[in-house]
Each structure stands twice: as C-alpha cells, then as structure tokens.
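See structure below.
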Amino acid sequence: MADKGDNQAPEWLRDGHEHIWLPYTQMQDAPMPLPAVSAKGARITLADGRELVDGVSSWWTACHGYCHPHIEQAVKAQVEKLPHVMLGGFANEPAYKLATRLANLLPGDLNHSFFSESGSVAVEVAMKMAVQYHRQKGTPNRNAFISFLGGYHGDTGFAMSVCDPEEGMHGHFASYLPRQHVVAVPEDEASITAFEAVLAEHAKHCAAIIIEPMVQGAGGFKMHDAAVLQRLRDAADAHGLLLIFDEIMTGFGRLGGSLFVCEKSGVVPDIITLSKALTGGTMPLAATIATNKVFDAFKSDSADDAFMHGPTYSGNALACAAANASLDLFESEPRLEQVAAIEAQLTAELTPIADIAGVVDVRVQGALGVVQVTALHDVEWLKSRFIEQGAWIRPFGDVIYLMPPFVIDPADLTLLTKVMKLVIFEWSQRFIGEI
Ligand SMILES: *Cc1c(COP(=O)(O)O)cnc(C)c1O
C-alpha cells in the first residue's frame with residue numbers, strides 16, 4: 001500500500017502529492033505516503049480503515065499517545081480565548097505558567113525559559129546565548145563550539161555546524177557552515193586524551209560545549225554514561241566554557257528514571273534545550289532554559305545588552321497551553337512507571353534479536369529500543385514490510401528502533417517487537433544470507 005495505493009488514495013493526497021515537498025525525501029520517486037486520518041493512544045488509523053501500531057511517536061513527540069482528552073480540552077479552551085498574542089509587550093497566562101513550571105521541574109537554577117517553535121531554533125538560541133554571554137563577560141572572541149561525533153542538533157545553519165559532519169545528514173553544506181570542533185565523546189583513554197588536546201588548544205576561543213546527554217538520537221542512538229557528562233562539566237568549568245545539554249530527544253522521561261537526563265545524571269548544564277515531547281506531540285514549541293548565571297550576565301543599564309533574538313510566535317499561548325496540559329499528565333498519570341515497564345519488556349523481547357546474522361548490537365534505555373545492523377540495504381523494503389505487518393517503524397542509518405508512546409499497552413508493544421524480529425529475520429535471510 002505504501003507504494004501502490006495511488007488508485008485508492010484520497011483526492012487531497014493525489015493532488016497534494018504534486019505540490020508538497022517532503023523532508024529528507026527524494027521527490028522524483030517518492031512513494032505515496034500513507035493517508036493518516038485519525039489516531040488514538042498508540043494507534044494511527046489510515047484512510048482505508050487500517051490501523052498501525054506506532055513505534056516512532058511521530059518523531060518522538062507523542063509521549064502520551066494521540067488525542068489525549070486532557071490536552072485536547074486544554075487546547076480547545078485556549079483557542080476560544082486567546083490562541084496567540086505577541087510576547088513583546090503582552091503576557092499570556094500559559095507561557096508564564098509554563099516558564100514557572102519548567103523552572104520548578106528542572107534541577108539546579110535552570111530558571112529562565114526562552115520560547116521558540118522548533119528544536120533547531122532552540123539550539124540556535126542556546127548557541128547565540130552562549131556567544132552573547134561571553135560578549136557580556138568581556139570575551140567576545142569566544143565564539144566557537146565543541147560538539148561530538150554521532151551528535152545531531154537540528155537542520156538550521158549553526159545547529160548543523162555542531163552535528164556530526166558525516167552522520168549529521170548535512171554533508172552537502174560543509175563549505176557553507178562555520179567550523180566547529182567536533183570530537184569523539186570522551187569515554188575511553190584515547191578519546192579523553194583527544195578531547196583534552198582540543199580543549200588545551202581551542203577552548204580559549206570557544207563559547208560552549210554542546211551534547212545530547214546519555215543518548216545521541218538522530219546520529220544513530222549511541223549511548224554513553226553519566227561519567228562522561230561529569231567530565232564535560234569539569235572541563236567546561238576549568239576552561240570557562242558554558243555547558244549545553246540538548247535534551248530535545250531525551251527530555252520528558254524517554255530514558256526513564258526521571259524527566260530529564262540533567263536530573264538523572266546529577267550533572268546540571270548552564271543551558272538546556274527542550275522540544276519534541278514538550279507539548280506531548282500536539283503543537284510546535286521549544287524552550288531554551290538558562291541558569292541564573294547565564295541570565296544575570298545579560299542584565300545591565302543598556303538595552304544593547306539585551307539578548308538579541310525574538311521569534312514572532314515566541315510563547316504562543318496555544319502551544320504553551322498544550323505543554324502545560326502535557327506536564328499535568330506527567331503528574332496525574334504514571335508515565336515514569338510506564339517507561340520502566342516498557343524498558344523491561346523491550347529488554348526481554350528485543351534481546352534475542354541480537355542472535356540474528358547481520359545484527360551488530362541491541363540496546364535499550366527507558367522507552368527506547370535500538371537494533372543496530374551492519375547496513376540496512378533496502379530501507380523502502382523494510383518500511384513496507386513493517387507496514388504490511390501493522391507496525392509503524394522507520395529505520396534509518398544503520399538502526400531499526402522503537403520509541404513508542406508511553407501509554408502503549410503491552411500487547412501492542414509485543415506486536416511491535418514481534419514484527420521487528422520477524423522482519424529483521426527476513427532481512428537477514430535476504431541481505432545477509434548466512435542463516
Ligand atoms: C529533533 C532534534 C533537534 C531538532 O529539532 P527540530 O524540531 O526538528 O528542529 C535538535 N536536537 C535534537 C537532539 C533532536 O532530537
């Protein structure tokens with residue numbers, strides 16, 4: 001159906017397919033996407049009535065599942081009152097409440113939220129904040145960044161510059177991007193030595209270190225432990241750098257144990273970026289949250305020292321109402337318990353996949369299960385086999401992964417892991433041929 005559904009496809013899809021330009025998609029032979037018409041919990045319903053169990057949570061956003069009535073009601077009530085009002089000169093209750101709640105939820109004195117509409121922009125904001133922070137401190141030459149191989153921080157210019165230059169999907173733009181210091185995550189002797197050498201040579205021109213803490217997401221779900229983060233914290237302090245945690249993927253409980261890695265790891269950054277699950281997968285919204293130290297550096301008698309950034313839709317009331325409703329659900333429903341149960345089930349059900357030829361590694365953390373293979377070979381074949389089996393699973397790079405909504409019921413999760421095992425077995429026979 002993914003490729004051959006053109007005849008049954010609804011008119012809006014056939015017409016629009018000529019006019020839409022899809023993300024990261026070769027449009028010459030782009031398969032007709034599946035028409036999604038509704039969704040509930042962990043299931044997405046297609047125009048022809050079929051249901052798929054969602055293993056992706058719509059790019060890792062829909063942590064409470066789809067159409068949770070509490071978020072729906074909050075958004076409905078807000079749209080009738082005040083969907084949006086400019087944040088320059090006007091305050092709206094949802095944005096101010098959200099800033100207060102995030103400050104209370106986050107560890108340390110991460111107390112000051114700057115709102116934008118996408119993860120990439122939240123990263124740009126964090127980077128500009130770090131650069132201007134050093135200007136405020138009288139060291140305006142500190143304007144480069146240290147980031148890590150395997151990292152992904154978004155698709156806009158400076159966000160691209162701190163991604164892995166090979167795996168960050170931005171190779172075409174190498175000559176357009178500012179040069180940063182992208183090094184291996186310092187977790188063993190060789191990488192720690194290399195990291196220290198870069199610090200010794202370049203730290204004095206750098207504003208900050210930026211990392212996705214504990215799990216690097218879109219670069220291939222590589223994992224490191226909390227000791228690495230403490231090492232970065234110590235290095236940042238020793239060299240006068242800010243430390244930025246990009247928790248756009250890891251935030252809001254995805255890795256289990258607590259809502260944020262900066263809490264779970266005991267390492268508090270100077271700036272944190274949040275987006276993806278911030279509104280429970282309903283509205284675009286992102287936050288860049290700074291500590292008192294960073295915020296206070298911008299205070300002065302001169303308007304020129306204000307932080308120079310201002311998205312039109314900053315603090316959008318509708319999106320912030322959705323985010324507040326999402327935070328309510330983390331309080332009123334047992335999300336972290338659900339993540340722990342998902343972790344146990346993924347561990348039990350995915351581990352045997354490691355025995356299939358061509359599988360390199362199986363790793364699980366919280367509600368994230370990753371099967372790494374030698375190479376995917378034919379991604380479209382894999383995607384359509386998953387769909388035929390009733391599962392929405394989107395492999396990329398060298399990984400096939402599950403990031404289900406936290407509310408998924410155990411039977412649906414078993415459907416996902418069974419389909420994964422079946423299709424990876426078929427893939428192995430077809431492309432590895434050693435069984
Ligand atoms: C998705 C992601 C981004 C970019 O967010 P967009 O909303 O797609 O711009 C940045 N950092 C991390 C860690 C992400 O997972």
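Just so you know, ligand 1 is whichever comes first in the structure, and atom 1 is the first atom listed for that ligand. Residue numbers run from 1 in the order of the sequence given.
The closest protein non-hydrogen atom to atom 15 (O) of ligand 1 is Lys276 NZ, 2.6 Å.
Listed by number with element, the atoms of ligand 1 under 4.0 angstrom from any heavy atom of Glu212 are 13 (C). Here is the list of ligand 1 atoms found below 4.0 Å of a heavy atom in Gly119: 4 (C), 5 (O), 6 (P), 7 (O), 9 (O). For ligand 1, the atoms lying closer than 4.0 Å to a non-hydrogen atom of His153 are 10 (C), 11 (N).
With atom 11 (N) of ligand 1 as the reference point, the heavy atom nearest to it among Asp155, Leu274, Asp246, Ile210 is part of Asp246.
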Kindly determine whether His134 and Asn141 satisfy side-chain hydrogen bond (donor to acceptor under 3.5 Å, both in side chains), including the steps that lead there.
CA-CA 8 Å; His134 286 290; Asn141 60 329; over 6 Å; no

Apply side chain to side chain contact (heavy atoms under 4.5 Å, CB included) to Val228 and Val185, showing your working.
CA-CA 8 Å; Val228 168; Val185 172; 3.6 Å; yes

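In this structure, Trp60 has a heavy atom closer than 4.0 Å to ligand 1.
Polar contact check, Ser120 against ligand 1: a nitrogen or oxygen pair lies under 3.5 Å apart.
At a threshold of 4.0 Å, the pair Arg101-Glu331 counts as salt-bridged, since one of the basic side-chain nitrogens sits closer than that to a carboxylate oxygen.
Scanning both residues, Cys262 and Leu106, for their nearest heavy atoms gives SG-CD2, 4.1 Å.
Within the 4.5 Å cutoff, the side chain of Phe260 has no heavy atoms near those of the Phe245 side chain. With contacts defined as side-chain heavy-atom distances shorter than 4.5 Å, the pair His309/Val121 qualifies.
Counting heavy atoms closer than 4.0 Å to ligand 1, residue Glu247 contributes nothing at all.
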